[in-house]
Amino acid sequence: NNFEYRYCETVDSTMEEAKKQLNNRNLCIVANQQTDGIGRRGNKWISPQGNIYISFLINYDLDYKNHFIFNAAITNSVCDLINYSCRIDASIKWPNDIMIKNRKVSGIMSELFKKNSQTFIIIGVGINFNSSPNIINYPTTHIKKYNKDIDKNHLIYKLTELFFSQYSFIISQNYDEIILPYKNKLFHL
């Protein structure tokens with residue numbers, strides 16, 4: 001799929017690391033820990049060792065008004081990963097939280113930026129795999145609570161595989177294959 005894969009033990013943020021390593025190829029950055037994970041509205045994403053932190057940097061010239069298709073594609077992929085690994089239907093709490101039984105298990109971030117007149121999108125994913133933070137008034141959970149035997153590296157590979165399947169719909173501009181499943185997973189449509 002013309003992606004370069006890089007693993008880092010610890011980074012400030014996989015999204016920021018992707019920007020630092022920008023070249024002419026698409027990138028997939030995976031880390032075991034983030035020291036300065038990015039959450040929505042400038043919030044920090046708590047990122048201890050052992051959870052899944054992954055960003056895809058994609059060199060794709062897509063109109064700004066259509067960039068949400070990438071967010072929907074990765075969100076579908078994470079929901080399918082949760083269904084696969086936990087045997088529980090995951091749902092989406094608009095705009096970027098993935099939930100298991102009303103508890104947050106994952107968050108999605110996307111950012112568009114230009115460099116040398118080329119548009120890039122970075123999609124960042126944090127998945128509570130081994131542990132989940134205690135957040136007042138916002139219950140969280142993690143995958144190991146539902147499947148103690150699942151292997152983290154296998155899930156990272158599976159997530160990448162699921163995303164590339166969704167990505168093929170973007171390349172072929174078959175957006176309904178992404179949007180319709182996305183809408184079916186939304187809490188409140």
Side-chain angles (χ1 to χ4, degrees), residues 1-7 11 13-19 22 25-31 34 37-41 43 45 47 51-86 89-100 104-113 119-129 142-143 152-187 189:
N1 289 285
N2 195 31
F3 277 77
E4 185 175 319
Y5 177 89
R6 297 197 183 164
Y7 173 81
V11 294
S13 149
T14 56
M15 292 179 76
E16 293 302 315
E17 188 65 24
K19 288 179 190 176
L22 177 67
R25 295 189 57 161
N26 297 327
L27 291 173
C28 175
I29 306 285
V30 176
Q34 297 182 120
I38 301 168
R40 193 163 166 249
R41 294 187 190 135
N43 291 327
W45 179 268
S47 309
N51 289 334
I52 296 172
Y53 312 108
I54 186 167
S55 286
F56 295 94
L57 180 141
I58 302 167
N59 180 344
Y60 190 81
D61 198 16
L62 183 69
D63 191 295
Y64 280 101
K65 67 181 180 187
N66 294 325
H67 84 275
F68 180 75
I69 198 70
F70 283 98
N71 192 62
I74 194 64
T75 303
N76 285 343
S77 303
V78 173
C79 285
D80 291 345
L81 182 75
I82 301 301
N83 298 351
Y84 165 82
S85 62
C86 301
D89 287 336
S91 56
I92 304 164
K93 182 177 177 190
W94 176 265
N96 65 342
D97 291 347
I98 311 297
M99 311 294 281
I100 297 176
K104 183 174 179 174
V105 68
S106 177
I108 310 291
M109 290 289 298
S110 63
E111 178 183 346
L112 289 171
F113 70 99
T119 302
F120 296 87
I121 186 164
I122 300 176
I123 307 159
V125 180
I127 302 173
N128 296 333
F129 174 75
H142 56 281
I143 289 175
K152 182 175 126 179
N153 291 326
H154 172 71
L155 281 189
I156 292 169
Y157 176 82
K158 185 71 175 174
L159 176 62
T160 304
E161 184 179 75
L162 290 165
F163 176 68
F164 286 155
S165 176
Q166 293 281 304
Y167 183 63
S168 70
F169 296 132
I170 295 173
I171 297 300
S172 65
Q173 297 183 352
N174 193 355
Y175 298 154
D176 284 347
E177 292 293 328
I178 297 169
I179 295 300
L180 295 176
Y182 178 86
K183 286 181 177 179
N184 287 333
K185 294 175 178 86
L186 281 171
F187 258 16
L189 179 61

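The figures here come from the full heavy-atom set of this structure, side chains too, leaving out hydrogens, waters and symmetry mates. Keep in mind that this is a model prediction, so the values were computed, not measured.
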**OP:** Go through Ile127 and Ile98 one step at a time and tell me if the side-chain contact (heavy atoms from CB on, under 4.5 Å) criterion holds.
**Re:** CA-CA 9 Å; Ile127 302 173; Ile98 311 297; over 6 Å; no
**OP:** Give the C-alpha distance, both sets of side-chain angles, the deciding distance and a yes or no for side-chain contact (heavy atoms from CB on, under 4.5 Å) between Ile156 and Asn153.
**Re:** CA-CA 5 Å; Ile156 292 169; Asn153 291 326; 4.2 Å; yes
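A distance-only check finds a donor-acceptor pair linking the side chain of Gln34 to the backbone of Thr14 [under 3.5 Å]. Judged by distance alone, with hydrogens and angles left aside, the side-chain atoms of Asn96 form a donor-acceptor pair with the main-chain N or O of Ile108 at under 3.5 Å. Under a 3.5 Å cut-off, the side chain of Asp97 and the backbone N or O of Lys104 do not form any donor-acceptor pair. In terms of modelled atom types and a separation under 3.5 Å, the side chain of Ser106 and the main chain of Gly126 share a donor-acceptor contact.
Interatomic distance, Asn76 CG to Asn71 CG, rounded to the nearest 0.5 Å: 10.0 Å. Once rounded to the nearest 0.5 Å, the distance linking CD1 of Ile121 with CG of Asn59 reads 12.0 Å. Residue Gln166 holds its CD atom at 6.0 Å from CZ of Phe169, rounded to the nearest 0.5 Å. Atom CD1 of Ile122 is separated from atom CD of Glu17 by 10.5 Å, given to the nearest 0.5 angstrom.
Checked against salt bridge (charged side-chain N to carboxylate O under 4.0 Å, His left out), Glu177 has no partners two or more places apart in sequence or in another chain.
With contacts defined as side-chain heavy-atom distances shorter than 4.5 Å, the pair Ile58/Ile123 qualifies.
Between Phe3 and Phe164, the distance from one ring center to the other falls under 6.0 angstrom.
Other residues, nucleotides and ligands place more than 12 heavy atoms under 6.0 Å from the CZ atom of Phe113.
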